[in-house]
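In what follows, chains are A, B, ... by sequence order, proteins preceding strands, each numbered from 1.
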There are 2 protein chains.
Amino acid sequence: MDSLEIEPSLNFCQACAVRNRAICADLDEDELGLLNAIGRRKRLQAGEQLLWEGDDAIIVANVVEGVLKLSTQTADGREQILGMVYPSDFLGRPFGETTPYGVEAITDAQVCVFRRTDFDRFAREHPRLEHKLLERTLAELDRTRRWMVLLGRMNAEQKLATYLVETAERLIPANCKESELGDERSLTLPLSRQQMADVLGLTIETVSRHMTKLKNDGLIGLPGRRELTINSLKALAERGG
Amino acid sequence: MDSLEIEPSLNFCQACAVRNRAICADLDEDELGLLNAIGRRKRLQAGEQLLWEGDDAIIVANVVEGVLKLSTQTADGREQILGMVYPSDFLGRPFGETTPYGVEAITDAQVCVFRRTDFDRFAREHPRLEHKLLERTLAELDRTRRWMVLLGRMNAEQKLATYLVETAERLIPANCKESELGDERSLTLPLSRQQMADVLGLTIETVSRHMTKLKNDGLIGLPGRRELTINSLKALAERGG
DNA sequence: CGACGTCATTGATTTCGGTCAAACCGAACG
DNA sequence: CGTTCGGTTTGACCGAAATCAATGACGTCG
């Protein structure tokens with residue numbers, strides 16, 4: 001299975017944008033060289049699928065750039081998005097036989113891909129890497145459990161408000177550091193309405209209706225389909241949890 | 001904070017019921033001795049709280065016996081159960097500052113408790129243990145993500161059928177190994193109707209109604225409040241996902 | 001035994017979000 | 001410039017689950 005369209009392997013690691021934030025952060029130069037030897041950079045276009053649900057788990061990866069979604073299909077064909085991954089996040093299922101979810105690039109993206117068997121061996125031989133991976137997995141589990149509360153106990157408006165606040169918080173610090181311009185934010189939404197629905201366990205119509213409602217209530221502005229301004233982050237957060 | 005009512009420390013590990021299934025499984029005699037030295041057995045009565053949401057994360061534990069729930073409170077006072085832990089499962093938040101959920105014993109239980117700082121240090125020094133913990137955490141993350149689909153995309157009947165099947169599968173092999181009596185099972189439900197509602201993101205009335213419906217449809221029997229017989233595991237599973 | 005408290009069931013009603021259908025809007029293209 | 005097309009919004013209606021309320025079943029303790 002070597003049909004992955006992969007770029008030639010230079011030593012990317014040293015210049016890697018996520019060198020100090022990804023699981024490789026604690027590795028020394030030598031270890032990094034070894035890791036570099038088994039990994040390959042791969043570019044993905046928006047909409048391109050990296051892993052298919054149920055496939056043999058042949059690869060794992062670090063996200064270098066862009067946003068990807070993890071999702072699964074329900075029996076009746078609808079989709080539930082299980083999580084979003086951002087730069088420096090790890091994805092895939094090490095030490096497992098099959099990939100329990102599909103992975104698709106939401107924006108153009110760049111990932112650092114490893115054959116799972118190679119990665120598993122490397123991880124077992126390098127406890128510092130495994131430790132980083134453990135910390136990340138524990139943090140991801142916490143985040144996932146918080147999302148369960150959203151799915152299980154919130155109504156549509158609360159879900160939407162919570163999602164918008166969280167998106168703003170994850171996206172704004174990356175763009176600009178004017179965090180104390182006050183309570184306002186403006187950003188480009190990474191997800192379409194349908195994708196937002198799939199993240200929140202709603203339908204596209206319900207998402208659309210409540211976006212309009214939040215706008216009419218003066219909490220947000222919608223200058224364009226993908227554009228969002230938040231008039232008061234605090235007020236919006238209050239509509240959530 | 002040493003007011004934990006703890007039993008004196010004999011070397012429990014060798015005789016431990018979950019010795020070969022918990023994260024300690026890969027440790028040798030010496031390591032086990034060291035781990036034993038920092039851990040203590042603790043008995044819990046049904047309903048007793050082991051950890052409170054938001055507390056400093058001072059302890060982690062292995063479940064030796066019984067069932068416990070992880071749960072969180074919503075702003076409006078309702079509860080969402082984030083997960084159930086069974087014998088050999090690990091609980092608590094290693095490498096973290098605060099406990100992101102409350103832990104309460106559902107049945108009488110026995111756990112093997114460690115001060116978090118002691119455990120963290122031991123784990124860092126024993127990669128085999130950390131590896132086990134990583135595998136467990138990854139598996140738990142997979143399970144949690146599957147639960148997101150239940151919460152986000154299933155209707156009440158599907159949720160209930162899925163829950164009953166999963167409970168049967170987790171509980172039956174422990175009790176008796178007559179797994180090929182065919183497709184029937186009978187068991188004592190670990191959760192009250194209210195707790196089932198909290199796991200499934202429903203209300204107690206909806207749970208009750210759909211339990212009755214599944215009974216009337218001939219899929220299950222309800223000889224008592226906490227008693228359940230499954231007439232066909234396969235048929236019940238079909239009502240789920 | 002009878003009274004009480006807890007938990008579960010059942011019924012009546014409301015409400016929120018889903019479904020179906022139509023209109024709308026902006027970008028890409030001939 | 002008009003057409004087309006995908007994504008989005010809006011409306012009308014419906015149904016599943018929540019809510020409100022009453023009743024029932026069971027255990028326990030005086």
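For B:Arg225 against D:dA25, a side-chain N or O and a base N or O form a donor-acceptor pair under 3.5 Å. Side chain A:Arg78 to base C:dG18: no donor-acceptor pair is found below 3.5 Å. Remark: the A:Glu157 side chain and the C:dC16 base include no donor-acceptor N/O pair separated by less than 3.5 Å.
The interatomic distance linking A:Met154 (CE) with D:dA17 (P) rounds to 21 Å, in whole Å. Protein atom NZ of A:Lys213 is 14 Å distant from nucleotide atom C1' of C:dG17, rounded to whole Å. Rounded to an integer number of Å, the gap from B:Met196 CE to C:dC7 P is 15 Å. Rounded to whole angstrom, the span from the CE atom of A:Met211 across to the C1' atom of D:dG7 amounts to 14 Å. Per the geometry, CZ belonging to A:Arg153 stands 14 Å off C1' belonging to D:dT19, to the nearest Å. Whole-Å rounding puts the B:Leu191 CG to C:dA8 P distance at 10 Å. Rounded to an integer number of Å, the gap from B:Asp198 CG to D:dA17 P is 17 Å. Going from atom CG of B:Leu200 over to atom P of D:dA17 covers 12 Å, rounded to whole Å.
An OP1 or OP2 oxygen of D:dA17 is reached within less than 4.0 angstrom by a side-chain nitrogen or oxygen of B:His210. Checking the phosphate oxygens (OP1, OP2) of C:dG17, no side-chain nitrogen or oxygen of A:Thr203 falls inside 4.0 Å. Between C:dT9 and B:Ser208, a contact under 4.0 Å exists linking OP1 or OP2 to a side-chain N or O. Checking the phosphate oxygens (OP1, OP2) of D:dG7, no side-chain nitrogen or oxygen of A:Ser192 falls inside 4.0 Å. The side chain of B:Thr206 contributes no N or O atom lying less than 4.0 Å from OP1 or OP2 of D:dA16.
Across D:dT8, C:dG18, C:dT10, the shortest atom-to-atom separation from the side chain of A:Arg226 is found for D:dT8. Of all nucleotides listed (C:dT10, C:dG18, D:dA18), D:dA18 comes nearest to the side chain of B:Leu202.
Residue contacts shown for A:Arg193 are limited to sugar-phosphate atoms, with no base heavy atom under 4.0 Å away. Note on B:Gly224: nothing from the nucleic acid sits closer than 4.0 angstrom, heavy atoms only. Within the nucleic acid shown, B:Glu205 comes within 4.0 Å of at least one base atom, counting heavy atoms only.
B:Thr72 and B:Glu53 are linked by a side-chain donor-acceptor pair at a separation below 3.5 angstrom, with hydrogens and angles left out of the test. Looking only at atom types and distance, the side chain of A:Glu227 has no donor-acceptor partner in the side chain of A:Ser186 under 3.5 Å away.
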Quiz item: Should A:Leu202 and A:Lys159 be marked as a side chain to side chain contact (heavy atoms under 4.5 Å, CB included) after you check the CA-CA gap, both sets of side-chain angles, and the distance that decides it?
Solution: CA-CA 9 Å; A:Leu202 297 171; A:Lys159 286 180 178 181; 4.0 Å; yes

Self-check item: Test log, rule side chain to side chain contact (heavy atoms under 4.5 Å, CB included), inputs A:Leu219 and A:Arg239
Solution: CA-CA 10 Å; A:Leu219 287 162; A:Arg239 290 277 177 121; 3.5 Å; yes

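Of the two residues near DNA chain D, B:Arg209 and A:Lys215, the one whose nearest nucleotide lies more 5' is A:Lys215. Both A:Asn155 and B:Ile204 sit near DNA chain C, but only B:Ile204 has its closest nucleotide nearer the 5' end.
Note on A:Lys69 versus A:Glu79: salt bridge recorded, some NZ/NE/NH1/NH2 to OD/OE distance being below 4.0 Å. For the pair A:Lys213 and A:Asp217, the salt-bridge criterion is met [side-chain N within less than 4.0 Å of a carboxylate O].
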